[in-house]
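A short worksheet on the structure shown next.
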2 protein chains.
Amino acid sequence: MLASSPPRVTLLDIASDAGVSRATVSLVLRNVPSVAPATRKRVLQSINRLRYVYHRGAASLRSQRSHAIGLIVSDITNPFFAEIIVAIEDWLGSAGLVTILGNTSENLAKQQRLLRSMSEYPADGILICPTQGSEKTGLPTGGRLPPIVAFTRPMDGVDYAGTDNVTGSELAVEHLVGLGHRRIAFIGGPAQLTSAQQRFSGYRRGLEKHALEYRKELFVEQLPTRQGGYHALISALQLSPAPTAAVCFNDVVAFGAIEALRGRGKEPGRDFSIVGFNNIADARAGSLTTIDTSPAKLGETAADLLLNRIRDPGSPLRQVILSPRLVVRESTGKLQHDSNESNQ
Amino acid sequence: MLASSPPRVTLLDIASDAGVSRATVSLVLRNVPSVAPATRKRVLQSINRLRYVYHRGAASLRSQRSHAIGLIVSDITNPFFAEIIVAIEDWLGSAGLVTILGNTSENLAKQQRLLRSMSEYPADGILICPTQGSEKTGLPTGGRLPPIVAFTRPMDGVDYAGTDNVTGSELAVEHLVGLGHRRIAFIGGPAQLTSAQQRFSGYRRGLEKHALEYRKELFVEQLPTRQGGYHALISALQLSPAPTAAVCFNDVVAFGAIEALRGRGKEPGRDFSIVGFNNIADARAGSLTTIDTSPAKLGETAADLLLNRIRDPGSPLRQVILSPRLVVRESTGKLQHDSNESNQ
DNA sequence: ATAGATATCTAGATCGATCTAAAGGCTGAA
DNA sequence: TTCAGCCTTTAGATCGATCTAGATATCTAT
């Protein structure tokens, strides 16, 4: 048995209460300046008295602007994305836009479903971190889509906000080399991820720059999770000669690696050096040396790109690549005594 | 210069293309069975050919159902909430509902803004984890609100899905006592948070049950973050006699505490026992003994409560309290040698 | 006094779907 | 033949706002 709720208070109710027309009430609601102060006041009083609630849905139907932005990420539980989400939501919120969230769990079918659902909404635009492998296959060919901006991972044919990953891991390698490390591993990060490829190539470039030989066993591929980092470091330690430092695909992987180190009685920074990637909030608390990719800034940049694209759909494609920055904390340190040195 | 986009394909276009009326097309879209198979097929063909995109906004205006649910959390970057969000989003998504996300950062003003914005949308219902202190002051008195369900933290006058926190920390204490611990700290968790109060009272109840004296310095209040856990444990270790184990407000606090332990050369499970709360994904990877509050299940429960409330707004208030479960991993262990024992 | 400019307000169409109530066609029973 | 009953389809009103184009009143300058 559905309890019948009281009928909605509409513009018409306000209008007749305030003795003006619907149109005038609408002008007041939208803060259009052409309304006489006295009228505005009268209308606002009626709005308060009758407890009027604005109906965005009705407004958007007519104005063709929903003031909703779709946000599709591949994994909310990844703190890097969580920080981006917060930043985007704040940024858009202060621009009067609502964020509709979707999580793909790296599932392409789910991504297509979300794109569709948000287009139907219809969202005024969509921010997306494409699932692994959808960078090329990308957009569904179905119906028309609203303006789209990709972040963190590029996508064919749309604007993009990302990080200079190559430079990032190059910085990491240089830092480690400066501390005396020579055998440096690169761990975590599925090879099919563009960002992993870029970070890997920066890692290689860093090695080359210092005439260090790249050895393929030092690249330990794993899931970009805490668990992945854990297992990756354990494999790395079994190599002979073992590496003395590692550049991690991201901070979460780095924490997993630190977990593994400690499980074997090694102290990060002293017995083995670890560099993370992203500089999530926990990185500071965990004293992790890392490459700061300023997730919040990235989110805001992507949001700005989208707002511009919405404003001017015809403008040429844009890419904004943010520069990363090394943040030195306690998980890296001078190479002490390299037990493998004598073996070589 | 706004590039004028091609005009939208509407029901009317499909109707004239397929040689039927708008109403019939609508019936096809909504899978109403009364449409003749041949007609349905013809309409679907037109829909595909013209690349029609359904307009939910228009539909909801008329049907008075937006198929959107507002989800307000206090901190997305907290993995506990992130897991809940994913679960809710999945659950509602499979019921054909879209999730609109909002993050309050424990800010009451922002919570009010979000409640308002979602009411205006209008969302069909709202799931909320109230900010600290809004449990009583709660709902804005402004306009009408859609059905609301609170989770994790109760809120006056609305349905609630939560955890039996008292039993949870009681389980934790019993586990530690069983391992021989006598001086057990309770760390993290702001005292004004209902869940912290409940967990604290379960802690005390656990102590009483085993005739262990409660000493107030063993309750170390801190922010419920990794950093909070870190600092809390350091303070706890400075007590004399120092505790040998700690029940943490949540898993993140526990990780911070472990961080602190290791920074002082102590190994969790061997030199000091730590119990977390919630059993987030990282707890497994980090071998953390914890109280499993099944965040995903909690999210789904809350979502179900909301769906029922929407279906039947007049039904009596409901509360669902899930029972927690102890998960033993490696961060707890038998009390070895208690260096303080002799001092007493 | 009159035309023109300015400020303020409004009627009515409109956005794109759903809903209601009923129409048309067909079947089988009386 | 006629009519009730079923199946399928539809015209037109409707949801609650915005937009357009113009009306009305007030003021200024000549």
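Convention: sequence-line order gives letters A, B, ...; per-chain numbering from 1.
- One finds a salt bridge joining B:Arg153 and B:Glu106 here, because a Lys/Arg side-chain nitrogen approaches an Asp/Glu carboxylate oxygen to under 4.0 Å.
- For the pair A:Arg40 CZ and C:dC9 C1', the interatomic distance rounds to 13 Å; values are reported in whole Å.
- At least one side-chain nitrogen or oxygen of A:Arg30 sits closer than 4.0 Å to the OP1 or OP2 atom of D:dC19.
- Side-chain atoms of A:Arg22 and base atoms of D:dT18 include a donor and an acceptor less than 3.5 Å apart.
- The side chain of A:Val20 has C:dT10 as its nearest neighbour among C:dT10, D:dT18, D:dG16.
- Considering only side-chain N and O atoms, B:Ser63 lies nowhere under 4.0 angstrom from the phosphate OP1 or OP2 of C:dT18.
- Nucleic acid contact for B:Leu27: base, since at least one base atom lies under 4.0 Å from a heavy atom of the residue.
- In terms of position along DNA chain D, the nucleotide closest to A:Arg8 lies nearer the 5' end than the nucleotide closest to the other residue of the pair A:Ala23 and A:Arg8.
- C:dA11 atom C1' lies 14 Å from atom CZ of A:Arg62, rounded to whole Å.
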Practice problem: Please lay out, stage by stage, how B:Ser63 and B:Ser60 fare under the test side-chain hydrogen bond (donor to acceptor under 3.5 Å, both in side chains). | Solution: CA-CA 5 Å; B:Ser63 68; B:Ser60 10; 5.7 Å; no
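- Nearest heavy-atom pair across B:Thr301 and B:Leu322 is OG1-CD1, 4.1 Å.
- Protein atom CZ of B:Arg42 is 11 Å distant from nucleotide atom C1' of D:dT9, rounded to whole Å.
- Ranking D:dT18, C:dA11, D:dG16 by closeness to the A:His55 side chain, first place goes to D:dG16.
- The interatomic distance linking B:Gln64 (CD) with D:dT14 (P) rounds to 14 Å, in whole Å.
- Of the candidate nucleotides D:dT9, C:dG16, C:dT18, D:dT9 has the atom lying nearest to any side-chain atom of B:Ser34.
- In this structure, of D:dC15, C:dT10, C:dT8, it is C:dT10 that holds the atom nearest to the side chain of A:Thr24.
- Going from atom CG of B:Leu29 over to atom P of C:dC19 covers 12 Å, rounded to whole Å.
- B:Thr10 comes within contact range of the sugar-phosphate backbone alone, with a heavy-atom separation under 4.0 Å but no base atom that close.
- The existence of a salt bridge linking A:Glu89 and B:Lys110 is confirmed by a sub-4.0 Å separation between a basic side-chain nitrogen and an acidic carboxylate oxygen.
- At whole-Å resolution of the value, CZ in B:Arg65 and C1' in D:dT14 are 19 Å apart.
- In terms of phosphate contacts, B:Tyr54 brings a side-chain nitrogen or oxygen within less than 4.0 Å of OP1 or OP2 of C:dT18.
- Backbone-only engagement by B:Ala59 is indicated by non-hydrogen atom pairs under 4.0 Å involving sugar-phosphate atoms exclusively.
- In this structure, A:Tyr121 does not reach the C:dA17 phosphate: none of its side-chain N or O atoms is under 4.0 Å from OP1 or OP2.
- B:Ser26 and B:Arg30 are linked by a side-chain donor-acceptor pair at a separation below 3.5 angstrom, with hydrogens and angles left out of the test.
- Whole-Å rounding puts the A:His67 NE2 to D:dA17 C1' distance at 12 Å.
- A:Leu11 places its CG atom 15 Å from the C1' atom of C:dA11, with the value rounded to the nearest Å.
- As judged by a 4.0 angstrom heavy-atom cut-off over every strand, A:Ser60 is placed among residues making no nucleic acid contact.
- The aromatic rings of B:Phe151 and B:Phe81 sit perpendicular, their planes meeting at an angle over 60°, well past the 30° parallel limit.
- Here the side chain of A:Thr39 is nearest to one of D:dT14, C:dC9, D:dT9, namely C:dC9.
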